[in-house]
Amino acid sequence: MKIVPSILAADYLRLGEQVADAERGGAQRFHIDVMDGAFVPNYSLGIPIVEAMRRGTKLPLEVHLMIERPERYTESFIKAGGDLLILHQEATPQLHRAVQQVQAMGKAVGVGLNPGTPLNTIEDMVEDLDLLLLMTVNPGFGGQKFISSVLSKLQRARALLRERAPACELEVDGGVDMTTGPLAVAAGADVLVAGTCVFTHPGGPGAGVRALREACAQGTPSTL
Ligand code: DX5
Ligand code: ZN
């Protein structure tokens, strides 16, 4: 199980320090949320932050592109330092072409599905993916409540990947904390993205990563 802090919830005046602390706490890579004010009702991070993160850590960087027609910017985000690009199924009618563009540049690629998007929309391309992201909130903001109805989609996604793409990672993003993280892992997730619960932990982000890992190691609470 991998824990991937989402820096959307970081204190940007202390970003380098917080990233180093999360790394010491056992973060396996970092998640950078890019929002364009069109695909989602918010703006967030962009190319300069990816470049700065590239200088600030040796860990892989995953770039979550919550933007329309992400194929327009895949090259820019790879040049900025992205190691894994996550594109949204809902954001382009040329999804498979966009996936191929990333692969042609030698980088890893994932596809994200909003909570309301059925799994079968990507069923026929999972063999081509390094990662499948199931959003557990509607994308656009940090600090939202985990949508627990996604858990049954997670179980079905795990079964699909077991059958057709065993090497593909299954990631969840949104509202992941010490209670919901273990539920997602029990349903089949092997990568947890976590923003608020890591960066607002009273002991700092490193302690937040450790606390989330311990909660998941202890197993599943019986109710949400
Ligand atoms: C939401 C973003 C998430 C967000 C998660 O649109 O994609 O990555 O940062 O934040 P938390 O963990 O606070 O829900
Ligand atoms: Zn994200």
Side-chain angles (χ1 to χ4, degrees), residues 1-12 15 18-19 22 25 27-47 49-50 53 59-68 70 73 77 82-91 108-117 130-151 154 169-185 189 191-202 204-213 215-216 224:
M1 203 263 305
K2 292 182 183 167
I3 295 180
V4 180
S6 164
I7 64 163
L8 188 64
D11 174 353
Y12 298 113
L15 186 58
Q18 294 204 326
V19 162
Q28 265 110 344
R29 56 183 186 242
F30 287 97
H31 181 96
I32 304 170
D33 285 310
V34 178
M35 304 182 190
D36 66 353
F39 180 67
V40 290
N42 197 10
Y43 288 94
S44 64
L45 311 174
I47 288 166
I49 292 279
V50 178
M53 285 290 291
L59 290 181
L61 301 178
E62 66 176 48
V63 183
H64 182 190
L65 293 173
M66 289 165 278
I67 64 176
E68 282 182 359
Y73 291 103
F77 280 99
D83 300 290
L84 188 164
L85 263 53
I86 302 172
L87 320 169
H88 264 266
Q89 185 276 346
E90 306 85 357
V109 65
V111 166
L113 298 182
N114 287 342
T117 304
D130 299 293
L131 177 140
L132 173 60
L133 166 63
L134 297 192
M135 290 304 298
T136 38
V137 296
N138 285 297
F141 301 90
Q144 301 183 83
K145 191 174 178 300
F146 185 90
I147 298 172
S148 52
S149 59
V150 179
L151 289 170
L154 257 180
E169 291 183 328
L170 181 55
E171 178 175 272
V172 287
D173 180 14
V176 171
D177 62 19
M178 317 318 171
T179 306
T180 59
L183 293 170
V185 171
V191 187
L192 301 180
V193 175
T196 306
C197 100
V198 165
F199 286 97
T200 66
H201 192 280
V209 172
R210 279 190 292 270
L212 183 54
R213 183 172 300 286
C216 293
L224 191 57

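Below, each value reflects all heavy atoms present in this structure, side chains not excepted, and no hydrogens, waters or symmetry copies. The first residue of the sequence shown is numbered 1, and numbering continues consecutively from there. In listed order, ligands and their atoms are each counted from 1.
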Next item on the list: Pull out every atom of ligand 1 sitting under 4.0 Å from any heavy atom of Leu8, numbered as shown with elements.
Entry: 9 (O)
Note to self: Among all the protein's non-hydrogen atoms, which is closest to atom 6 (O) of ligand 1, and how far away is it?
What the structure shows: Gly140 N, 2.8 Å
Next item on the list: Within a distance under 4.0 Å of any heavy atom of Met135, pick out the atoms of ligand 1 and give their elements.
Entry: 7 (O)
Notebook entry, point to check: So which bit of Pro139 gets within less than 4.0 Å of ligand 1, heavy atoms only: side chain, backbone, both or neither?
Noted result: both
Next item on the list: Quick one: look up the protein heavy atom nearest atom 14 (O) of ligand 1 and list residue, atom name and how far away it is.
Entry: Gly175 N, 2.8 Å
Check: Mind checking whether Asn138 has an N or O less than 3.5 Å away from an N or O of ligand 1?
Finding: no
Check: How does Thr196 reach ligand 1, if at all, at less than 4.0 Å between non-hydrogen atoms: by side chain, backbone, both, or neither?
Finding: both
Margin query: Using a 3.5 Å distance criterion without hydrogens, assess whether the side chain of Asp36 forms a donor-acceptor pair with backbone atoms of Glu68.
Written below: yes
Next item on the list: Please confirm whether the backbone N or O of Thr117 pairs with a side-chain atom of Gln89, one donor and one acceptor, at under 3.5 Å?
Entry: no
Note to self: Rounded to the nearest 0.5 Å, what separates atom CZ in Phe199 from atom CD1 in Ile7?
What the structure shows: 7.0 Å
Check: Taking only heavy atoms of Gly142, which atoms of ligand 1 are found under 4.0 Å from at least one of them?
Finding: 10 (O), 13 (O)
Checklist line | Minimum-distance protein heavy atom relative to atom 5 (C) of ligand 1 | finding: Asp173 OD1, 3.5 Å
Check: Quick check: does any side chain N or O of Gln28 sit under 3.5 Å from a backbone N or O of Val4, one acting as donor and the other as acceptor?
Finding: no
Check: With no hydrogens and no angle check, do the side chains of Asp33 and Ser6 hold a donor and an acceptor under 3.5 Å apart?
Finding: yes
Notebook entry, point to check: Is there a donor-acceptor pair closer than 3.5 Å between any side-chain N or O of Ser44 and the backbone N or O of Met35?
Noted result: yes
Check: atom 1 (C) of ligand 1: which protein heavy atom is closest, and how many Å away?
Finding: Phe141 O, 3.4 Å
Margin query: Do Val34 and Ile49 make a side-chain contact, defined as non-hydrogen atoms from C-beta onward lying under 4.5 Å apart?
Written below: no
Check: To the nearest 0.5 Å, what is the distance between CZ (Phe77) and CG (Leu87)?
Finding: 11.5 Å
Notebook entry, point to check: Is it true that Gly174 lies under 4.0 Å from ligand 1, counting heavy atoms only?
Noted result: yes
Item checked: Contact (N/O only, under 3.5 Å) between Met35 and ligand 1 -> no
Notebook entry, point to check: Does Phe146 offer a backbone N or O that forms a donor-acceptor pair with the side chain of Thr180 under 3.5 Å?
Noted result: no
Notebook entry, point to check: To the nearest 0.1 Å, how far is atom 12 (O) of ligand 1 from its closest protein heavy atom, and which atom is that?
Noted result: Gly195 N, 2.8 Å
Item checked: Sub-4.5 Å side-chain heavy-atom contact between Leu151 and Leu183 -> yes
Item checked: Atoms of ligand 1, numbered as shown, that sit under 4.0 Å from any heavy atom of Met66 -> 6 (O), 7 (O)
Check: Relative to the Zn ion (ligand 2), which of the N, O or S atoms in His31 is the closest?
Finding: NE2
Notebook entry, point to check: Can you name the N/O/S atom of Asp173 that is nearest the Zn ion (ligand 2)?
Noted result: OD2
Check: At a 4.0 Å threshold, what atoms of ligand 1 neighbour a non-hydrogen atom of His64?
Finding: 7 (O)
Notebook entry, point to check: Once rounded to 10 degrees, what value does the angle at the Zn ion (ligand 2) take between OD1 (Asp33) and ND1 (His64)?
Noted result: 90°
Notebook entry, point to check: If you draw a 6.0 Å radius around OH in Tyr12, do more than 12 non-hydrogen atoms from other residues or ligands fall strictly inside?
Noted result: yes
Next item on the list: Give the numbers and elements of all ligand 1 atoms closer than 4.0 Å to a heavy atom of His31.
Entry: 8 (O)
Notebook entry, point to check: Hey, is the main chain of Asp11 close enough, under 3.5 Å, to the side chain of Gln18 for a donor-acceptor pair?
Noted result: yes
Note to self: Is it the case that atom OH in Tyr73 sees more than 12 heavy atoms from other parts of the structure closer than 6.0 Å?
What the structure shows: no
Next item on the list: Using a strict 4.0 Å cut-off to heavy atoms of Gly143, name the atoms of ligand 1 that fall inside it.
Entry: 11 (P), 13 (O), 14 (O)
Margin query: Counting non-hydrogen protein atoms only, what is the nearest one to atom 4 (C) of ligand 1? Give residue, atom name and distance.
Written below: Asp33 OD2, 3.6 Å
